There are 2 protein chains.
Amino acid sequence: MADMARSAIPTRERIISAANALFYNDGIRGVSVDAVAAKAGVTKRTLYYHFKSKDDLVAAYLAARDQPNLALFRQWFAEADDGLPAQVERIFRNLARSARHPKWKGCGFLRTSAELANMPGHPAMKIGAAHKKKFEEWLRVTFASAGIAQAAQLARQILLLLDGSFAVVLLHRDPSYMETAGEAAHALIEAALPVRGKRRAR
Amino acid sequence: MADMARSAIPTRERIISAANALFYNDGIRGVSVDAVAAKAGVTKRTLYYHFKSKDDLVAAYLAARDQPNLALFRQWFAEADDGLPAQVERIFRNLARSARHPKWKGCGFLRTSAELANMPGHPAMKIGAAHKKKFEEWLRVTFASAGIAQAAQLARQILLLLDGSFAVVLLHRDPSYMETAGEAAHALIEAALPVRGKRRAR
DNA sequence: CCATGTATACTAACCAGTGAATATACACAA
DNA sequence: TTGTGTATATTCACTGGTTAGTATACATGG
């Protein structure tokens with residue numbers, strides 16, 4: 001409300017947006033609070049008015065990525081109703097396309113957890129863990145609805161392939177690994193599907 | 001060679017050992033060169049005599065992990081000749097056991113690549129990529145020797161499951177994901193094996 | 001006396017967080 | 001309408017500590 005003339009976007013959101021761009025690109029410890037403040041166009045003191053510490057800012061950065069990320073996966077999945085294996089594989093194919101953009105730097109949640117591995121209780125770790133659990137649970141429910149008996153186990157396996165492809169593609173800079181992961185996911189889901197025979201090829 | 005009386009272990013190796021303990025535990029940017037020098041029992045100036053920069057030290061840290069790591073995987077694989085699916089799954093089971101130790105912090109190569117994601121040309125990235133390529137190639141050759149047609153694709157899939165479990169277990173601190181990954185690997189290899197029927201149950 | 005190796009002491013930059021002051025908006029009394 | 005208090009929001013300037021890397025000197029074995 002205050003000072004709308006200065007900018008249409010509230011200060012707190014501008015700071016989170018700046019934090020997102022910088023933390024995702026350069027890592028948590030690679031970005032100073034001063035740099036975030038400068039990018040957001042505020043002084044550091046203002047940033048510390050809205051966030052009580054850098055750790056707090058990091059947590060807000062990840063929290064802001066949670067829902068948009070999940071929504072994107074659901075959207076890719078729902079783009080066509082061409083069968084569970086194909087729908088899940090499409091997530092991997094779209095991810096591979098994203099990974100070809102030069103600014104892509106893997107999964108922000110996983111990279112943050114790798115960087116803060118020695119601080120298991122860090123708020124950012126909890127947000128990252130919750131995010132991945134949500135995705136896994138969404139897969140599990142989806143599989144269970146399709147009549148798959150081992151839905152929970154299958155959901156975990158797909159999650160492992162997904163996060164594995166984040167890690168491997170980040171290291172090799174070769175997005176084709178994501179397509180390989182998608183094929184493996186396709187095979188595992190296909191093998192777990194019940195009845196068979198009523199599924200169309202495409 | 002010089003100054004063997006001071007310590008049985010040469011200075012350079014003591015520094016790498018200290019770097020290994022600290023970098024693996026706290027991450028690259030979380031550890032100062034001073035801290036490594038102190039842990040190694042030398043002054044920082046001595047460290048800079050043996051390594052031209054911190055980046056150089058990081059590269060040496062990862063290079064020192066390369067062979068021992070691969071040897072461990074091969075050892076677990078070869079502990080019994082109980083069939084390809086079981087042999088590969090045993091790697092995952094052993095990894096899960098390792099991950100239950102409190103000092104475990106995931107895969108040093110992947111964590112370093114996550115931290116240095118904005119420096120694709122960093123020597124440490126090249127060493128990490130080469131390490132993972134060696135493991136993937138060892139799997140591929142092993143699968144090809146067993147008469148698997150799609151050996152290269154299958155090797156990639158197993159690698160994705162392995163690195164996925166590193167990432168997920170680090171985030172959730174739940175090593176059971178590694179067992180799930182091992183089961184997925186088992187299923188994928190089983191499905192890819194030729195002839196069938198000549199394989200014993202255990 | 002020279003190459004190898006180690007130590008003391010330093011620099012220049014950076015970094016997370018803070019103290020004190022100021023500006024603005026709005027509620028409410030005169 | 002005007003004045004005033006209070007919570008919100010923002011700035012400048014600073015501190016104490018840390019960091020990667022270095023200039024210089026000293027030691028020691030061959």
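These numbers come from the heavy atoms of this one structure, side chains and all, not from hydrogens, waters or symmetry mates. Owing to the predicted nature of the structure, the values given are computational and were not obtained by experimental measurement. Residue numbers begin at 1 in each chain, while the letters A, B, ... track the order of the sequences.
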Table please: side-chain donor-acceptor pairs of residues 146-156 of chain B below 3.5 Å, with sequence neighbours left out.
| unit_1 | atom_1 | unit_2 | atom_2 | d |
| --- | --- | --- | --- | --- |
| B:Q153 | NE2 | A:E183 | OE1 | 2.2 |
| B:R156 | NH1 | A:S176 | OG | 3.0 |
| B:R156 | NH2 | A:D174 | OD2 | 3.4 |

List, one per line, each side-chain donor-acceptor pair under 3.5 Å for residues 138-145 of chain B, sequence neighbours excluded.
| unit_1 | atom_1 | unit_2 | atom_2 | d |
| --- | --- | --- | --- | --- |
| B:R140 | NE | B:E137 | OE1 | 3.0 |
| B:R140 | NH2 | B:E137 | OE2 | 2.8 |
| B:T142 | OG1 | B:W138 | O | 2.7 |
| B:S145 | OG | B:V141 | O | 2.8 |

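Neither OP1 nor OP2 of C:dC14 sits under 4.0 Å from any side-chain N or O of A:S32. In this structure, B:T43 does not reach the C:dT8 phosphate: none of its side-chain N or O atoms is under 4.0 Å from OP1 or OP2.
Atom CD1 in B:I15 sits roughly 11 Å away from atom C1' in C:dG5 (whole-Å rounding). Atom-to-atom, CZ of A:R14 to P of D:dA9 comes out at 13 Å; the value is rounded to the nearest Å. Between the C1' atom of D:dT19 and the CD1 atom of B:I28 lies a distance of 15 Å, rounded to the nearest Å. One atom, CG of B:D26, and another, P of D:dT18, lie 15 Å apart when rounded to the nearest Å. Per the geometry, CG belonging to B:D34 stands 12 Å off C1' belonging to D:dG17, to the nearest Å.
Using a cut-off of 4.0 Å between Lys/Arg side-chain N and Asp/Glu carboxylate O, A:D82 and A:R90 are scored as salt-bridged.
Residues that satisfy the ring-ring contact (aromatic ring centres under 6.0 Å, His included) test with A:H131, not counting sequence neighbours, are A:F109. Remark: A:A130 engages no residue in a side chain to side chain contact (heavy atoms under 4.5 Å, CB included) (not counting sequence neighbours).
Listed by first and then second residue, the side chain to side chain donor-acceptor pair (under 3.5 Å) pairs involving residues 52-61 of chain A are A:D55-A:H122 (not counting sequence neighbours).
Near DNA chain D, meaning a heavy atom under 4.0 Å from it, residues 44-55 of chain A has A:R45, A:T46, A:Y49, A:H50 in order of number.
Within the nucleic acid shown, A:V31 comes within 4.0 Å of sugar-phosphate atoms alone, with no base atom in reach, counting heavy atoms only.
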